[in-house]
Amino acid sequence: GGSLIKKDNKEGAGGDDKVEKSGDAIPREPEKRKLMGHRARVTKIQFHPTYTQLATSSEDASIKIWDYETGECEQTLREHTGMVNYLNYNHTGENLASCARDMTIKLWKMNKDQEFKCYKTLKGHEHEVSCVEYLKPNGDHLISCSRDHTIRIWDAHNGYLLQTLS
């Protein structure tokens, strides 16, 4: 079992023992930006590989694309019908994959106006999808895992299921 490590108070008799917490004495800079906009808890943050952009997913079933220099929300993506668990940019940042409690994976492509549009919905998992990642180095494949106890490998371009591991 785990127990807290107590640090003896050597300063004077009769003092309470102090519980040492990591980071207590480390000075911190104030937050640079506070990004507000989701209506529920944020589940994942992913930085864009080249732009000053980040994507957030939330329990409110949305994805938001932010400019982290200005703090402004540039786009809200609402294609999922359940909590969005995870998201991941591909290596160029032109594509984004997301997965959700609705048992789907959505593939998003950035258009010429630098907005993401959903171009493919991948179905096949039999329970909520927990995670999805583009496989490095070229991002031609996606790997996903689900509460259905499977790992699935997909073609990232056409959305075809290539392999199921259970």
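Owing to the predicted nature of the structure, the values given are computational and were not obtained by experimental measurement.
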For residues 93-102, which side-chain donor-acceptor pairs fall under 3.5 Å, sequence neighbours excluded?
residue	atom	partner	partner atom	Å
Asn95	OD1	Lys109	NZ	3.2
Ser98	OG	His80	NE2	2.7
Ser98	OG	Trp108	NE1	2.9
Asp102	OD1	His80	ND1	3.4
Asp102	OD1	Thr104	N	3.1
Asp102	OD1	Thr104	OG1	2.6
Asp102	OD2	His80	ND1	3.1
Asp102	OD2	Thr81	N	2.9
Asp102	OD2	Thr104	OG1	3.4

Results of salt bridge (charged side-chain N to carboxylate O under 4.0 Å, His left out) for Asp148 - residues two or more places apart only: Arg152
Using the ring pair (Phe, Tyr, Trp, His ring centres under 6.0 Å) criterion, which residues pair with His38? Sequence neighbours excluded. none
Residues which pass side-chain hydrogen bond (donor to acceptor under 3.5 Å, both in side chains) with Ser130, listed by chain and number, not counting sequence neighbours: none
Non-neighbouring partners of Ala156 that pass side chain to side chain contact (heavy atoms under 4.5 Å, CB included), sequence neighbours left out: Tyr134, Leu142
Applying side-chain hydrogen bond (donor to acceptor under 3.5 Å, both in side chains), can you list everything that pairs with Ser58, at least two apart in sequence or on another chain? Asp60
With no hydrogens and no angle check, just 3.5 Å: does a side-chain donor-acceptor pair link Glu128 and Asn85? yes
Quick check: is Val84 connected to Leu77 through a chain of hydrophobic side chains (ILVMFWY, heavy atoms under 4.5 Å apart)? yes
Report the distance from atom CZ of Arg147 to atom CD of Glu126, rounding to the nearest 0.5 Å. 15.5 Å
Go through it in stages, so that I can follow the logic: the residues are Gln53 and Asp67, the test is side-chain contact (heavy atoms from CB on, under 4.5 Å), and I'd like the CA-CA distance, side-chain angles, deciding distance and then a yes or no. CA-CA 5 Å; Gln53 182 182 83; Asp67 181 321; over 6 Å; no
Sorted by chain and residue number, the salt bridge (charged side-chain N to carboxylate O under 4.0 Å, His left out) partners of Glu69 (sequence neighbours excluded) come out as Lys32
Any side-chain donor-acceptor pair under 3.5 Å between Lys44 and Ser57? no
Do Leu54 and Val42 share a hydrophobic cluster (ILVMFWY, side-chain heavy atoms under 4.5 Å, transitive)? yes
Nearest-0.5 Å distance that lies between atom CE in Met110 and atom OH in Tyr119: 13.0 Å
For residues Tyr51 and Ile63: do they belong to one hydrophobic cluster (side chain heavy atoms under 4.5 Å, members Ile, Leu, Val, Met, Phe, Trp, Tyr)? yes
Residues forming a salt bridge (charged side-chain N to carboxylate O under 4.0 Å, His left out) with Glu115, sequence neighbours excluded: Lys117
Under 3.5 Å, sequence neighbours excluded: what are the donor-acceptor pairs made by side chains of residues 157-166?
residue	atom	partner	partner atom	Å
His157	NE2	Asp140	OD1	2.8
Asn158	OD1	Tyr160	N	2.8

Examine the side chains of Thr121 and Lys106 and answer whether a donor and an acceptor come within less than 3.5 Å of each other. yes
For Tyr86, the hydrophobic cluster (side chain heavy atoms closer than 4.5 Å, chained through members) also holds none
Listed partners of Tyr68 passing side-chain hydrogen bond (donor to acceptor under 3.5 Å, both in side chains), at least two apart: none
Looking at CD1 of Ile65 and CZ of Phe116, how far apart are the two atoms once the value is rounded to the nearest 0.5 Å? 5.5 Å
Can you name the residues that form a salt bridge (charged side-chain N to carboxylate O under 4.0 Å, His left out) with Arg41, not counting sequence neighbours? Glu59
